[in-house]
**Student:** 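My questions will all concern the structure given below.
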Amino acid sequence: ASVAIGISIAAQLADPISRLVGAADRIGAGDLSVRVPEGRKDDEMASLSRAFNRMTDQIQSQQQELIEANRQLDERRRFTETVLTGVTAGVIGLDGFGRIYLPNRSASALIGVDLDRSVGEDLAEVVPAMAELLGEVNRRPDRVAQAQIQIVGGSTRTLLVRISAEQDNEGISGYVVTFDDITELLSAQRKAAWADVARRIAHEIKNPLTPIQLSAERLRRNYLKDIKKDPDTFRICTDTIIRHVEDIGRMVDEFSSFARMPAPVLKPEDLTAIVERAVFLERTAHSEIAFTTSFAQRPVTVRCDARLVGQAAINIVKNAVEAIEARLVDTGPNPPGQIAVSVEEAAGKVVVTVADNGKGLPKRGRERLTEPYVTTRAKGTGLGLAIVKKIMEDHQGELLLEDAPGGGARVMLVFLTETQGAIRATGAAAADMSAAVHGA
């Protein structure tokens, strides 16, 4: 009887402890839903079981709160990454030591470096042009450092960079670098300034040109026969005046053409015929250069202003001729000059390509060749490509400058077909409407 009573009492003590040990093991394995029976008696083991269950409830509740907090943080992180990926501006997050830890896709595209592979590296080493700005904001962390820098690669980009410091009680905890590509903005500003200058020059110069030319012609016509002493000098002087007045007149006409391009009158035109006429004119004038053409068998119709597009085609073919002539002067007649002109239609676009084996495009600063009064030729005015780009913009197209595979340059005029042009116009109208709504 004593042994039976002892075994019963031992079981009453050992069973709750065994259940607690088993429940603790399951909790340690991650199962927070386990509970132990509290029993009917109000003794020490029941109190211990109730305390164990309360502790488990509290741990489970805190775990759910942590899971929810982590879920919200993860959603915010994904949202932030999505926003950073979608914005066109470059954004780079730096730690307190100036090392890259969070770049977006636009930052890599603008700088021309895969910043995802540069995580953990110093920004000053990856982009040396930003080192001075980073040092400035480090010296004065309460102010935003801002400056324009140039990134030289395949083409030179001008970036407007802003760097701000994040501070806490211990000092600078990190930096945020934001930058935008303002190359096109600066180009547009320069074009607007030059257009204003061109209008003023055309206005001030063109008025007296006609009276000067008429006076010189009248002097030569009325008084040349009366001059007995050195009439050749008189004739040469008047011819010089007339010739230079004509040169100034052509320059003023170019100024006027750039400053006040006529609005295009769009209607369906055969682009192949327009380009073929431009090639015929230059081929007739320069028989020493071999022209090859590749045109579609059927007419390639685009909505355009035939006169303006013809002017653009003549300009780029003329530039190709002048590039070949410049190369022949520098390196000799070998290889002979060749110009290939093609009109191709694909993927909703029509592309006019003019490739030459001339002097080629400059390695640096080629993105400025379409700006007014920027030229690489000694006698060039720098208005030809500027006018071509303006014409292409008015036609919702593009002007592309590339190196030709075998040497020389390749210039492309990209026109949208009627469907693609309508899509782009609709998108632009929607963007304008959205901006107006937000502005209101």
**Student:** Output, in order, the C-alpha distance, side-chain angles, deciding distance and verdict of side chain to side chain contact (heavy atoms under 4.5 Å, CB included) for Asp180 and Arg162.
**Tutor:** CA-CA 9 Å; Asp180 291 290; Arg162 301 179 184 88; 4.0 Å; yes
**Student:** Flag the pair Arg71 and Glu75 as a salt bridge only when some basic side-chain nitrogen lies within less than 4.0 angstrom of an acidic carboxylate oxygen.
**Tutor:**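 Counted as a salt bridge, because a side-chain N and a carboxylate O are separated by less than 4.0 Å.
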**Student:** Can you name the closest pair of heavy atoms from Val113 and Ser118 and give their distance?
**Tutor:**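 Scanning both residues, the minimum pair turns out to be CG1-OG, 4.2 Å.
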**Student:** Are more than 12 heavy atoms, taken from residues, nucleotides or ligands other than Tyr101, located less than 6.0 Å from that residue's OH atom?
**Tutor:**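 Yes, enclosed.
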**Student:** Under the 3.5 angstrom rule, does the side chain of His395 hit a backbone N or O of Asp305 as a donor-acceptor pair?
**Tutor:**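 Judged by distance alone, yes, a pair lies under 3.5 Å.
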**Student:** Could you pull out the closest heavy-atom pair between Leu115 and Ile100, with the gap in Å?
**Tutor:**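 In terms of heavy atoms, the two residues are closest at CD2-CD1, 4.1 Å.
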**Student:** How about Val119 and Pro103: do any of their side-chain heavy atoms sit closer than 4.5 Å?
**Tutor:**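 Contact flag for Val119/Pro103 side chains = yes.
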**Student:** Answer yes or no: is there a side-chain heavy-atom contact under 4.5 Å between Leu399 and Met412?
**Tutor:**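 Sidechains of Met412 and Leu399: no contact.
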**Student:** For the residue pair Leu110 and Gly90, what are the closest heavy atoms and their distance?
**Tutor:**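 Answer, listing the atom of Leu110 first, then Gly90: CD1-N, 3.8 Å.
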**Student:** Just verifying a value: how many Å separate Thr272 OG1 and Arg277 CZ, rounded to the nearest 0.5 Å?
**Tutor:**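 Spacing of OG1 (Thr272) from CZ (Arg277) equals 10.5 Å.
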**Student:** Is any side-chain heavy atom of Phe291 closer than 4.5 Å to one of Val317?
**Tutor:**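 In contact.
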**Student:** Measure the spacing between CD1 of Ile149 and CZ of Arg157 and express it to the nearest 0.5 Å.
**Tutor:**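 So the CD1 of Ile149 and the CZ of Arg157 are separated by 11.5 Å.
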**Student:** Would Leu385 and Asn315 count as a side chain to side chain contact (heavy atoms under 4.5 Å, CB included) here? Give the steps.
**Tutor:** CA-CA 7 Å; Leu385 287 178; Asn315 278 346; over 6 Å; no
**Student:** Is the side chain of Thr56 donor-acceptor paired with the backbone N or O of Leu32 at a distance under 3.5 Å, no angle test?
**Tutor:**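 No, Thr56 side chain to Leu32 backbone: no donor-acceptor pair under 3.5 Å.
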**Student:** Heavy atoms only: give me the nearest Ala24-Phe52 pair and the separation to one decimal.
**Tutor:**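 Scanning both residues completely, I find the closest heavy atoms to be N-CZ, 3.9 Å.
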**Student:** Under the criterion side chain to side chain contact (heavy atoms under 4.5 Å, CB included), I'd like the reasoning laid out for Val144 against Val137: C-alpha separation, chi angles, the key distance, then a yes or no.
**Tutor:** CA-CA 7 Å; Val144 176; Val137 77; over 6 Å; no
**Student:** If only side-chain N and O atoms count, and only distance matters, is there a donor-acceptor pair under 3.5 Å linking Gln72 with Glu68?
**Tutor:**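 The answer is yes; a qualifying pair exists.
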**Student:** Are Tyr175 and Asp95 close enough that a side-chain donor and a side-chain acceptor fall under 3.5 Å?
**Tutor:**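 There is no such pair between these side chains.
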**Student:** In Å and rounded to the nearest 0.5 Å, what is the CD to CD1 distance from Glu282 to Ile314?
**Tutor:**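 So the CD of Glu282 and the CD1 of Ile314 are separated by 7.0 Å.
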**Student:** Using the rule side-chain contact (heavy atoms from CB on, under 4.5 Å), only one of Leu400, Thr353, Leu401, Asp356 pairs with Arg410; which is it?
**Tutor:**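 Single side-chain contact (heavy atoms from CB on, under 4.5 Å) partner of Arg410 among Leu400, Thr353, Leu401, Asp356: Thr353.
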**Student:** So, taking the atom named OG in Ser49 and the one named CG in Leu20, what distance separates them when rounded to the nearest 0.5 Å?
**Tutor:**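 Spacing of OG (Ser49) from CG (Leu20) equals 5.0 Å.
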**Student:** Using a 4.5 Å cut-off on heavy atoms from C-beta on, say whether the side chain of Leu271 contacts that of Thr301.
**Tutor:**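 No, side chains not in contact.
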**Student:** Any donor and acceptor pair, going by atom type alone, linking the side chain of Ser173 with main-chain N or O of Glu166 inside 3.5 Å?
**Tutor:**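 Here the side-chain-to-backbone pair exists.
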**Student:** Are side-chain heavy atoms of Val343 and Val351 found at a separation under 4.5 Å?
**Tutor:**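 Answer no - side chains too far apart.
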**Student:** Check step by step if side chain to side chain contact (heavy atoms under 4.5 Å, CB included) holds for Thr292 and Ile339.
**Tutor:** CA-CA 6 Å; Thr292 58; Ile339 297 177; over 6 Å; no
**Student:** Looking at every heavy atom in both Ala131 and Ala124, which two are closest together, and how far apart are they?
**Tutor:**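 Taking Ala131 first and Ala124 second, the nearest heavy atoms are CB-CB, 3.7 Å.
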**Student:** Does anything in residues 117-144 pair up under salt bridge (Lys or Arg N to Asp or Glu O under 4.0 Å), and if so which pairs, sequence neighbours excluded?
**Tutor:**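 Pairs touching residues 117-144 that pass the test: Asp114-Arg117.
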**Student:** Looking at Asn70 and Leu66, would you say the former's side chain and the latter's main chain have a donor-acceptor pair under 3.5 Å?
**Tutor:**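 Pair found, side chain donor or acceptor close to backbone of Leu66.
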**Student:** Is there a donor-acceptor contact under 3.5 Å from the side chain of Arg327 to the main chain of Asn357?
**Tutor:**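 At least one qualifying donor-acceptor pair exists.
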**Student:** At their closest point, which heavy atom of Ala89 faces which heavy atom of Ser106, and how far apart are they?
**Tutor:**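 Taking Ala89 first and Ser106 second, the nearest heavy atoms are O-CB, 3.4 Å.
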**Student:** Can you confirm whether Gln146 sits close enough to Leu160 that some side-chain heavy atom of one is under 4.5 Å from a side-chain heavy atom of the other?
**Tutor:**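 Answer yes - side chains close enough.
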**Student:** Run through Val127, Asp181, Thr183 and flag the one making a side-chain contact (heavy atoms from CB on, under 4.5 Å) with Ile151.
**Tutor:**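 Per the side-chain contact (heavy atoms from CB on, under 4.5 Å) rule, the option paired with Ile151 is Val127, out of Val127, Asp181, Thr183.
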**Student:** Any heavy-atom pair between the side chains of Val275 and Val309 that's under 4.5 Å?
**Tutor:**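 SC-SC contact between Val309 and Val275 ruled out.
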**Student:** To the nearest 0.5 Å, what is the distance between CD (Glu398) and CZ (Phe415)?
**Tutor:**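 With rounding to 0.5 Å, CD (Glu398) is 11.5 Å from CZ (Phe415).
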**Student:** Hey, does Ser342 have a side-chain heavy atom less than 4.5 Å from the side chain of Val352?
**Tutor:**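 With C-beta onward as the side chain, the pair stays apart.
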**Student:** Just verifying a value: how many Å separate Asn53 CG and Gln58 CD, rounded to the nearest 0.5 Å?
**Tutor:**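 With rounding to 0.5 Å, CG (Asn53) is 13.0 Å from CD (Gln58).
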**Student:** So which pairs with a foot in residues 23-37 pass salt bridge (Lys or Arg N to Asp or Glu O under 4.0 Å), sequence neighbours left out?
**Tutor:**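 Checked against salt bridge (Lys or Arg N to Asp or Glu O under 4.0 Å) - neighbours excluded - the pairs reaching residues 23-37 are Arg26-Asp31, Arg35-Asp57.
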